[in-house]
Structures are given as C-alpha cells and as structure tokens.
Amino acid sequence: MIKDLLILTVFPGAMVLAAATDLFTMTLPNRLALALVAFFFVVAPLAGLGWSEVGLHVALALVALVATFTLFSFGWIGGGDAKLFAATCLWLNPDALFTYSIYTSLIGAALALALLLWRKIPLPAMLNSQGWLVRLHSPKEGVPYGIALAAAGLLVYPQSPFMAALGG
C-alpha cells in the first residue's frame with residue numbers, strides 16, 4: 001500500500017511541480033531534482049529493483065547528466081533543466097530513455113514555437129499585472145523547458161519498472 005502510494009505520487013507529483021514552478025518562475029529548484037534522486041533510492045527497493053538494476057539506472061542518469069551539462073555549457077539549456085533531466089532518467093526504464101529524449105525534444109520544440117508566436121501578439125493590458133505572465137511573454141526570456149521535461153516524463157512513466165511493480 002505504501003509502495004503503491006509512493007509510486008503513484010512521488011514521480012508524477014515532482015513532474016507536475018517542476019512544470020508549474022518553471023512556468024511561474026522560470027527556474028527549477030535544485031531541491032526538486034535532489035528529492036527525485038533521494039526518493040528513487042527509497043522507492044527502488046520497494047518496487048523490487050535489485051542492485052544491478054539500480055546501478056544501471058544510476059549509470060544512465062550520470063551519462064544523462066554529463067550530456068545535459070554539455071548542452072548547458074553551450075548555453076542551450078538551463079542548469080535546472082540538466083539536473084531535472086538526469087533525475088528523471090533515474091526513474092525510467094533504460095529502454096524508455098530514448099523515447100523520453102525524443103518526447104522532450106518534440107514537446108520542447110512545440111512549446112518554443114508556441115511561445116515565439118504568442119510573444120508576437122501584444123499582451124492584453126488586463127494581464128500586465130501578472131508578473132509571471134509578463135515575464136513569460138517577454139522575448140528576452142527563455143523557454144520554461146521544465147514543462148517539456150515534465151510532460152515527456154509523465155508520458156513514459158507508465159512503462160517504468162515502478163509502474164510495473166504496482167499492486168505486486
């Protein structure tokens with residue numbers, strides 16, 4: 001029962017929180033990625049992952065962290081995005097990491113395109129009192145890529161070893 005509750009709430013809740021936080025603040029707090037990492041080590045044994053499986057998840061997450069920090073070093077993504085991507089990879093089936101990357105890219109591209117188009121339209125005056133909306137509308141701001149990371153994570157999570165362990 002506790003295992004199922006953790007499987008159904010921790011990862012999905014973190015993804016929703018990441019998307020909302022990035023939307024409203026354009027930041028992804030370190031504590032969110034750290035909580036995902038910490039809870040992975042709590043939930044993994046409960047879900048029946050052995051040491052070798054945990055090691056594989058950790059190794060792939062480290063590879064993801066190196067790859068995303070390379071993108072960060074070129075200024076293509078934010079540091080919070082890099083950390084969230086790697087922390088999310090911990091929770092996913094190794095076979096799903098490619099799918100997660102593709103979904104993240106496609107959703108991120110659609111989000112960026114939508115923001116580019118929206119930013120060409122003047123923001124209605126009645127919305128100018130919403131600081132987060134003004135910031136999101138500004139062409140000088142980036143893209144809250146945490147939304148794409150979260151959506152892609154939620155799309156592939158049903159194929160994770162955690163969801164497979166539900167009710168067992």
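All figures in this text were calculated on a predicted structure; none of them were measured in a lab.
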Do you know the tightest heavy-atom contact between [X] and [Y]?
X      : Y      : value
Leu115 : Pro144 : CD1-CD, 3.5 Å
Leu84  : Met15  : CD1-CE, 3.9 Å
Val134 : Asn128 : CG2-O, 3.5 Å
Met26  : Leu136 : SD-CD1, 4.3 Å
Ala87  : Ala33  : CB-O, 3.7 Å

Determine, using the 4.5 Å side-chain heavy-atom cutoff (strictly less than), whether [X] and [Y] are members of one ILVMFWY cluster.
X      : Y      : result
Leu23  : Leu127 : yes
Trp132 : Met126 : yes
Val16  : Leu6   : yes
Leu133 : Val143 : yes
Leu8   : Val10  : yes

Apply the test side chain to side chain contact (heavy atoms under 4.5 Å, CB included) to residues Trp91 and Ile7: give CA-CA distance (whole Å), side-chain angles for both, the deciding distance (0.1 Å), then the verdict. CA-CA 10 Å; Trp91 287 78; Ile7 290 170; 5.9 Å; no

Can a donor-acceptor pair be found, under 3.5 Å and without considering hydrogens, that links the side chain of Arg135 to the backbone of Gln130?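 It does not hold such a pair.
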
Whether the side chain of Ser73 engages the backbone of Thr70 through a donor-acceptor N/O pair (distance < 3.5 Å, no angle test) should be reported.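 Confirmed, Ser73 side chain pairs with Thr70 backbone.
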
[atom1]/[X] to [atom2]/[Y] distance, rounded to the nearest 0.5 angstrom?
X      : Y      : atom1 : atom2 : answer
Leu65  : Leu60  : CG    : CG    : 12.5 Å
Phe11  : Thr88  : CZ    : OG1   : 5.0 Å
Met163 : Asp4   : CE    : CG    : 9.5 Å
Thr68  : Phe85  : OG1   : CZ    : 7.0 Å
Ile121 : Arg119 : CD1   : CZ    : 12.5 Å
Thr104 : Leu111 : OG1   : CG    : 11.5 Å

Sequence neighbours left out, what passes side-chain contact (heavy atoms from CB on, under 4.5 Å) with Leu71? Give chain and number order.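 Testing Leu71 for side-chain contact (heavy atoms from CB on, under 4.5 Å), a comparison that skips the adjacent residues, returns Trp76, Ile77.
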
Side chain to side chain contact (heavy atoms under 4.5 Å, CB included) assessment of Leu28 paired with Lys83: CA-CA 9 Å; Leu28 289 167; Lys83 291 176 262 189; over 6 Å; no

Taking only residues at least two apart or on different chains, which pairs with a member in residues 101-128 satisfy ring-ring contact (aromatic ring centres under 6.0 Å, His included)?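 Matches after skipping sequence neighbours: Trp118-His137.
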
Cut-off 3.5 Å, no hydrogens considered: what does the side-chain donor-acceptor table look like for residues 34-59, sequence neighbours left out?
{"residue": "Glu53", "atom": "OE1", "partner": "Gly50", "partner atom": "N", "Å": "2.9"}
{"residue": "His57", "atom": "ND1", "partner": "Leu90", "partner atom": "O", "Å": "2.6"}
{"residue": "His57", "atom": "ND1", "partner": "Leu92", "partner atom": "O", "Å": "3.2"}

Please check if atom CD1 in Ile2 has more than 12 non-hydrogen atoms from other residues, nucleotides or ligands closer than 6.0 Å.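 Atom CD1 in Ile2 is not packed in, count stays at 12 or less.
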
Could you give me the CA-CA distance, side-chain angles and deciding distance for Thr99 and Leu155, then say whether side chain to side chain contact (heavy atoms under 4.5 Å, CB included) is met? CA-CA 9 Å; Thr99 304; Leu155 285 171; over 6 Å; no

Note, Phe162 side chain near Asn93 side chain (heavy atom, < 4.5 Å):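 With C-beta onward as the side chain, the pair stays apart.
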
